[in-house]
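Proteins come first, then strands; the chains are lettered A, B, ... in the order of their sequence lines, and each starts at number 1.
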Amino acid sequence: MMRSTVEKVLSANDTGETHAHQAGLLIPKNIARLEFFPKLDPSIKNPRCVIDLRDAAGEEWTFNYIYYNNALFGGTRNEYRLTSMTEFLRHYDLKEGDTVVFKRPTGRFYGVDYRRKHQGLTTFPSGRKVLKLSGNWIILDTDDLS
DNA sequence: AGCCATGCACCG
DNA sequence: CGGTGCATGGCT
């Protein structure tokens with residue numbers, strides 16, 4: 001399926017809040033499989049490519065998209081990452097729980113955007129979202145809040 | 001599968 | 001020499 005956008009809720013490690021000097025976010029395999037990002041050749045070790053992006057404010061960024069795949073070469077790694085995102089994450093002060101949105105490129109540039117975490121937004125095991133307000137009021141079905 | 005963590009190389 | 005990212009190991 002050719003989706004036009006993908007997004008990920010940032011982990012603490014993604015944003016650097018755990019003080020891991022890891023600088024980027026882990027891409028879940030199901031997103032990698034969409035081939036939303038360029039396909040990386042698994043026959044070579046740690047294949048990568050550069051991704052040019054533009055955000056809603058018109059700022060341009062360059063991330064690296066890497067497939068750490070040494071598991072296919074006798075090691076233990078088998079995961080995708082977008083790296084070199086520190087500048088972007090700091091520029092918008094993105095934290096754990098915030099969401100980064102990627103839009104399929106029209107020309108040379110992918111689109112990047114972000115959405116702040118709702119304060120008090122939680123997700124029930126059923127997948128239903130709940131926004132807690134003051135005074136014990138809550139809002140159910142928060143799809144239209146985005 | 002996903003997140004947390006780190007030794008070291010590189011670079012200002 | 002301090003900050004950053006690479007490449008990898010470790011834990012859940």
Side-chain angles (χ1 to χ4, degrees), chain A residues 1-132 138-143 145-146:
Chain A
M1 177 185 300
M2 275 309 198
R3 292 180 194 279
S4 60
T5 73
V6 297
E7 55 185 60
K8 195 207 180 197
V9 177
L10 267 23
S11 71
N13 199 50
D14 290 337
T15 60
E17 288 171 83
T18 58
H19 304 116
H21 38 143
Q22 182 260 331
L25 67 170
L26 180 110
I27 306 294
K29 284 212 176 47
N30 56 356
I31 290 183
R33 270 198 298 270
L34 292 174
E35 296 187 13
F36 175 90
F37 295 112
K39 182 165 169 53
L40 296 172
D41 184 356
S43 73
I44 57 177
K45 187 178 177 180
N46 296 353
R48 72 202 56 219
C49 67
V50 167
I51 304 220
D52 293 316
L53 312 94
R54 188 137 53 192
D55 67 25
E59 301 242 19
E60 294 178 5
W61 309 93
T62 300
F63 301 157
N64 293 319
Y65 180 52
I66 307 176
Y67 179 29
Y68 286 106
N69 66 347
N70 75 14
L72 307 175
F73 298 85
T76 60
R77 294 298 97 188
N78 183 21
E79 63 196 35
Y80 293 82
R81 283 205 168 115
L82 268 181
T83 67
S84 307
M85 290 181 62
T86 303
E87 230 188 323
F88 171 80
L89 294 170
R90 285 202 187 143
H91 189 267
Y92 290 107
D93 192 33
L94 297 178
K95 301 297 189 197
E96 178 274 320
D98 292 342
T99 302
V100 176
V101 182
F102 296 97
K103 298 186 177 68
R104 195 175 283 282
T106 49
R108 177 180 150 204
F109 294 93
Y110 277 79
V112 232
D113 209 343
Y114 63 89
R115 200 185 326 122
R116 304 260 180 221
K117 171 171 69 171
H118 285 123
Q119 289 293 339
L121 181 65
T122 56
T123 303
F124 284 165
S126 66
R128 184 167 220 197
K129 291 174 189 159
V130 173
L131 180 63
K132 294 185 180 177
I138 63 173
I139 295 177
L140 301 178
D141 293 329
T142 59
D143 290 349
L145 293 176
S146 115

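- Listed by residue number, A/Glu79, A/Arg81 are the residues of residues 73-81 of chain A with a heavy-atom contact under 4.0 Å to DNA chain B.
- A straight line from CG of A/Leu25 to P of C/dG5 spans 13 Å, rounded to a whole angstrom.
- Going from atom CG of A/Leu89 over to atom P of C/dT4 covers 12 Å, rounded to whole Å.
- Whole-Å rounding puts the A/Asn64 CG to C/dA7 C1' distance at 13 Å.
- Take A/Tyr92 and apply the side chain to side chain donor-acceptor pair (under 3.5 Å) test, not counting sequence neighbours, and it matches A/Asp55.
- Not one side-chain nitrogen or oxygen of A/Arg90 sits closer than 4.0 Å to the OP1 or OP2 atom of C/dG3.
- The phosphate of C/dC6 (OP1 or OP2) has a side-chain N or O of A/Thr83 nearer than 4.0 angstrom.
- Side-chain contact between A/Thr62 and A/Leu53: absent, with no pair of heavy atoms (C-beta onward) separated by less than 4.5 Å.
- Taking atom CZ of residue A/Arg48 and atom C1' of nucleotide C/dG5, one finds them 11 Å apart after rounding to whole Å.
- Taking the side chain as every heavy atom from C-beta outward, A/Leu40 and A/Tyr65 approach each other to under 4.5 Å.
- The main-chain N or O of A/Gly75 is never found under 3.5 Å from a side-chain atom of A/Arg77 such that the two would form a donor-acceptor pair.
- Side-chain contact between A/Trp61 and A/Glu87 is present, with heavy atoms from C-beta onward closer than 4.5 Å.
- For A/Ala12, the side-chain contact (heavy atoms from CB on, under 4.5 Å) partners two or more places apart in sequence, or in a different chain, are A/Glu17, A/Thr18, A/Glu96.
- Regarding contacts with the backbone of C/dT8, a side-chain N or O of A/Asn46 is found under 4.0 angstrom from either OP1 or OP2.
- To the nearest angstrom, P of C/dT8 lies 16 Å from CG of A/Leu26.
- Among residues two or more places apart in sequence or in another chain, the side-chain contact (heavy atoms from CB on, under 4.5 Å) test is passed with A/Thr99 by A/Glu7, A/Val9, A/Val101, A/Arg115.
- Heavy-atom contacts of chain A under 4.0 Å fall on DNA chain B between two terminal nucleotides, which in 5' to 3' order are B/dA1 to B/dC8.
- Looking at heavy atoms from C-beta onward, A/Ser11 lies out of side-chain contact with A/Leu26 at the 4.5 angstrom threshold.
- Rounded to an integer number of Å, the gap from CD1 of A/Ile66 to C1' of C/dT4 is 13 Å.
- Mapped onto DNA chain B by nearest heavy atom, A/Thr18 and A/Ile27 fall at different nucleotides, with A/Ile27 at the one closer to the 5' end.
- Taking A/Asn64 as the reference, A/Ser84 meet the side chain to side chain donor-acceptor pair (under 3.5 Å) condition, with sequence neighbours excluded.
- For the pair A/Asn13 CG and C/dT4 P, the interatomic distance rounds to 15 Å; values are reported in whole Å.
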